[in-house]
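Residue numbering restarts at 1 for every chain, and letters A, B, ... go by the order of the sequence lines.
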Amino acid sequence: MTQPELPKAYDFKSTEPRIYEMWEQGGYFQPWNDPNKPGFDPDIKPFVISIPPPNVTGELHLGHAMFVSMEDLMIRYHRMKGIPTLWVPGTDHAGIATQLMVERDLLKTEEVTREELGREEFVKRTWEWKKKYGGIITTQIRRLGASCDWSRERFTLDDGLSRAVREAFVRLYEKGLIYRGPRLINWSPGLKTAVSDLEVEYSEEEATLYYFKYKLQGSDEFIPVATIRPETILGDTAVAVHPDDERYKKYIGRNAIVPILNRAIPVIADDYVSMEFGTGALKITPGHDPNDYAIAQRHNLPIISVLDTAAKVNENGGPYKGQDRFEARKNMWADMKKAGLVIKTEPYRTTIPRSQRGGEIVEPMISTQWFVTIEPLAQAALEAVRDGRIKIVPERFEKVYFNWLENIKDWCISRQLWWGHRIPVWYCPNGHMTTGREDPTQCGTCGSTEIHQDEDVLDTWFSSGLWPFSTLGWPDETPDLKYFYPTSYMETGYDILFFWVARMIMLGLEFTGEAPFHTVYLHGLIRDEHGRKMSKTYGNVIDPLIVMDDFGTDALRFTLLVGSSPGNDTSLSVKKVEANRNFANKIWNVGRFVISAIASLDHRPSTIDNGQLSIVDRQKWSLADSWIQARLRQLVRDVERLFQNFQYGEAGRHIYEFLWSDFADWYVEIAKGQLQDEESKARTVETLVHVFDTALRLLHPFTPFVTEDLWDHLRNAVRNSPVFALAADWPNALIVAKWPEPGEPEEWEESKIADFEEVIQDPVRANRNFHAEKNIKPSQKHGVTYVNPYKAELFREYLPTISALSSTDVEQSFVYEQYKPSGAVTSLVVGSTEIYPILSGMKRSEGDTARLEKELKEAQSHIERLEKLLAGDFASKAPAQLVAKERDKLSAYKETAEKIKAQLK
RNA sequence: GGUCUUGUAGUUCAGUUGGUUAGAACGCACCGUUCACAUCGGUGAGGUCACAGGUUCGAGUCCUGUCAAGACCA
């Protein structure tokens, strides 16, 4: 049976879409145990991940590539383990981000603002925008190979999820955990909306500290005060000093006069004021500063707001009314200067609150907003992690999580936007509020029909906080919710631990009574090759789509997965991706070799009579066969252990190492010889198939495309060959092939590995090294004499293998237990083996002697070190096994040293 | 100010119950290719594991401190 020739290089461009199509059409992304289908077994525990929903109108960036690669790996691993596996995909409406995008576009294309368009029309346009561009991100996620169940795709503004949001709001409202009221919040003047504490970023910047005089009423005395924001003087309602401050004690209880406005305000005493800092006196602006707000609460001070929603001075600002906050600052200071109230200004480094979106300076303002009373929710969320119901990987983030929840403030959930879930509360002219699961037609208190709905929408994170269960049908007790909830892992970046993860935990516990997942795995952020943040200004942004075009999805995935460890940032360079493209190509070519070997079995070999495969008969294995099988068994164990510990990168490196260094560089080279021999041919093919098949399975979660495609070719080749029985229980696609099960370590593994190293690897390396050193070309075949007192038999048996791998002449080579060369000939010593290349006219040179001396020195230093070690407390206190190991090492070094000494005589 | 992370080869990083003079990739130097692969093979150079103490028979790994870079929270 002839196989169609595979191309010399792996062609990811044509392969990836074809394979993805095959998976999706094959229904492999759907859980095999499905509560909506016949034959469902509720007792089998599923593995579930909810995708961190990307912005519906977003474009793929490396952050997406990272989480998709990581989650797909987790999903594929569990799927191959035979567990019913569900990965729920979906997108987020991303209130501010999307609204801004649409607004910008409308302004550009139609030159209209959203206000001109009106709310209804604007929301309609945004939906159109979503329909037009909403598919881009999911298409791109598919390109990454994401094996999520697209039949269960959700969007946060879908009817179902909107109903969940409504239900959640109403329940919290009815429980008294949601309230509305004026509070000091963070206001974004550009976006004209409130933002939560989390959406404010603090950056350290150069600012100016303004010192001025707060005159006391009816006197020329004054208290010196400093401020960063002079315009807020307009809203001052007190001057505060420390109660023990000798300088200002006498003024407590008197009145001070607000500059320009000439309002009288009290001088108060409060412990909060630091005597050492600045002038030791503080102006209190409760309307525009959180600390001042707290002080005002303690002292029952009035609160004056001096800015409007655009951060322009309002009617409380007297002459500055209508001026922008920064303009008013300048003008006011000039006026104060004229009035002789200015002391000085000095540069000052301070933290400035800026909007996470857009970067404008956020203004603390008094505003009527909706809040969630967070304390009871936070307590429950703390408890869930403390008692181990939820585990965070890596563990150190638990501390960060505790810290945040222990100091949490109420969550401002209303946003003055149009794109989002509108707050389900209606007001009547009598000031009553009505909420409910259905839209009311009249006021629930007074029955008035003149009701209108709250204009605001909910914070985007309110809906994403419900994501793990809202996507499964909550609040309905759907079959999906019953079976797939709680989910298993929550995998995401540590940057949204508070924004998203903590809120999912709080809301999940509140609404379902259960932790929404049992494990939180946090990955790091991706930086450029020098560890810098990627940003458009630096111009160091790597576009995953271009990388995939150039090197393939597998290469990108492998790079991200292997280059990262839990919770740590990772640097990505295109070079690394290129190297991993080479890895994909390497596997491809190893596959071509294995397949061609299978195809070369043109008749039924005697070794596989009666369907009995020789693979199970270890007696017939060559040393190389045993070695690669032992290494494979080790690999399977290592990978399993590392996966259990979330060490995915390390697992990937092990597989890479095995495939490239062990399998391709050694076993395949040896197999070439074994395939020439009718006696060993079939057994070798079986070994090649078994090892390669297993390795492909292990690698599949990392690089799904190339492994799936190769495995398909492999299976076809096996099925059409005399060794067809090897693939008897293989399924139709690698994606659902059985994950290799680790076996207990067996006695023979270590000894075979040791033999292989001593009899094959070490001599071959020694010969190659010698050839490189002497510049001997592979075509210059020569014989070699090997001398080993313990394993001469093995050396004799594998002399052809050693010779083939080291380009020496097997016919002219010999093996002895004992041997005394005549005269000073070239020699190599490795372990207990002496190697004498047989070369006419090749006498020992100075270089050879120098090399031997260097090796002797090395051996002697080891001997010295080990003798010292074994003479000390190590021998009595260390585990016996370890001591024995070191003793063996010592005697081996001694033997080597003796042999080298003999050579040098 | 508080908490945390990182500091290992020229570069980017591994190195998870402490086990014995440290690994990979890329880069570099030299050699090589008829039959899986130049997206390749072979050989080699390159590190006092930031620094100083401590615990231990034994420390890159644990503890303390210092220095440097960074993150988060105030």
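Contact annotation: A:Ser876 does not reach the phosphate of B:C57 (side-chain N/O to OP1 or OP2, under 4.0 Å). Phosphate contact (OP1/OP2 of B:U21, side-chain N/O of A:Arg865, threshold under 4.0 Å): present. Considering only side-chain N and O atoms, A:Lys399 lies under 4.0 angstrom from the phosphate OP1 or OP2 of B:C4. Residue A:Trp660 places at least one side-chain N or O under 4.0 Å from the OP1 or OP2 atom of B:G41. Listed pair A:Lys777 / B:G32 meets the phosphate criterion, a side-chain N or O lying under 4.0 Å from OP1 or OP2. Listed pair A:Lys877 / B:C57 meets the phosphate criterion, a side-chain N or O lying under 4.0 Å from OP1 or OP2. An OP1 or OP2 oxygen of B:U11 is reached within less than 4.0 angstrom by no side-chain nitrogen or oxygen of A:Ser573. At least one side-chain nitrogen or oxygen of A:Asn769 sits closer than 4.0 Å to the OP1 or OP2 atom of B:G44.
Side-chain contact check for A:Glu864 and A:Gln860: no donor-acceptor pair (N or O, by modelled atom type) lies under 3.5 Å. No hydrogens or angles considered: a donor-acceptor pair under 3.5 Å links the side chains of A:Asn580 and A:Thr559. With hydrogens and angles left out, the side-chain atoms of A:Glu650 and A:Asn645 include no donor and acceptor closer than 3.5 Å. Of the N and O atoms on the side chains of A:Thr703 and A:Asp554, not one donor lies less than 3.5 Å from an acceptor on the other residue.
Distance A:Ile595 CD1 to B:A36 P: 14 Å, rounded to the nearest Å. Nucleotide B:G70 holds its P atom 19 Å from the CG atom of A:Asp495, rounded to whole Å. Look at CD1 on A:Ile526: it is 21 Å from P on B:G70, rounded to the nearest Å. Between A:Arg592 atom CZ and B:U39 atom P the separation is 13 Å, expressed in whole Å. We find that CG of A:Asp569 is positioned 13 Å from C1' of B:A69, with the value rounded to whole Å.
Residue contacts for A:Tyr656: at a heavy-atom cut-off of 4.0 Å it reaches the sugar-phosphate backbone alone, with no base atom in range. Residue-level contact check: A:Ala875 touches neither bases nor backbone, having no heavy atom under 4.0 Å from any strand. Contacts of A:Asn585 with the nucleic acid, taken as non-hydrogen atoms under 4.0 Å apart, include base atoms. Counting any heavy atom pair closer than 4.0 Å across all strands shown, A:Glu669 reaches a base atom. Residue contacts shown for A:His771 are absent, as no nucleic acid heavy atom lies under 4.0 Å away. The residue A:Lys586 sits close to a base: some heavy atom pair falls under 4.0 Å. At a threshold of 4.0 angstrom between heavy atoms, the contacts of A:Arg653 are confined to the sugar-phosphate backbone, with no base atom among them. Residue contacts shown for A:Ala9 include a base, since a base heavy atom lies under 4.0 Å away. Residue-level contact check: A:Leu497 touches neither bases nor backbone, having no heavy atom under 4.0 Å from any strand. Contacts of A:Val668 with the nucleic acid, taken as non-hydrogen atoms under 4.0 Å apart, include base atoms. Residue A:Ser861 is in base contact, counting any heavy-atom pair closer than 4.0 Å across all strands shown. As judged by a 4.0 angstrom heavy-atom cut-off over every strand, A:Phe498 is placed among residues touching the sugar-phosphate backbone only.
With P as the reference atom, B:G23 and B:G46 are 14 Å apart, rounded to whole Å.
Using cut-offs of 30° and 60° for the angle between ring planes, the A:Phe756 and A:Trp666 rings count as perpendicular.
For the pair A:Val200 and A:Glu858, nearest-nucleotide mapping onto RNA chain B gives the more 5' position to A:Glu858.
The backbone N or O of A:Ile392 lies less than 3.5 Å from a partner atom in the side chain of A:Glu398, making a donor-acceptor pair.
Near-neighbour residues of RNA chain B inside residues 881-889 of chain A, defined by a heavy atom below 4.0 Å, number-ordered: A:Leu882, A:Lys885.
Side-chain atoms of A:Lys8 stay outside donor-acceptor range of the base of B:A36, with no qualifying N/O pair under 3.5 Å.
Test A:Tyr521, A:Phe646, A:Phe67 against A:Tyr489 for ring-ring contact (aromatic ring centres under 6.0 Å, His included) and you get one pass: A:Phe646.
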So what is the 5' to 3' dot-bracket string for RNA chain B, if pairs are Watson-Crick or G-U wobble with both distances under 3.5 Å, crossing pairs use [ ] and | means the partner sits on another strand?
(((((((..((((.....[...)))).(((((.......))))).....(((((..]....)))))))))))).
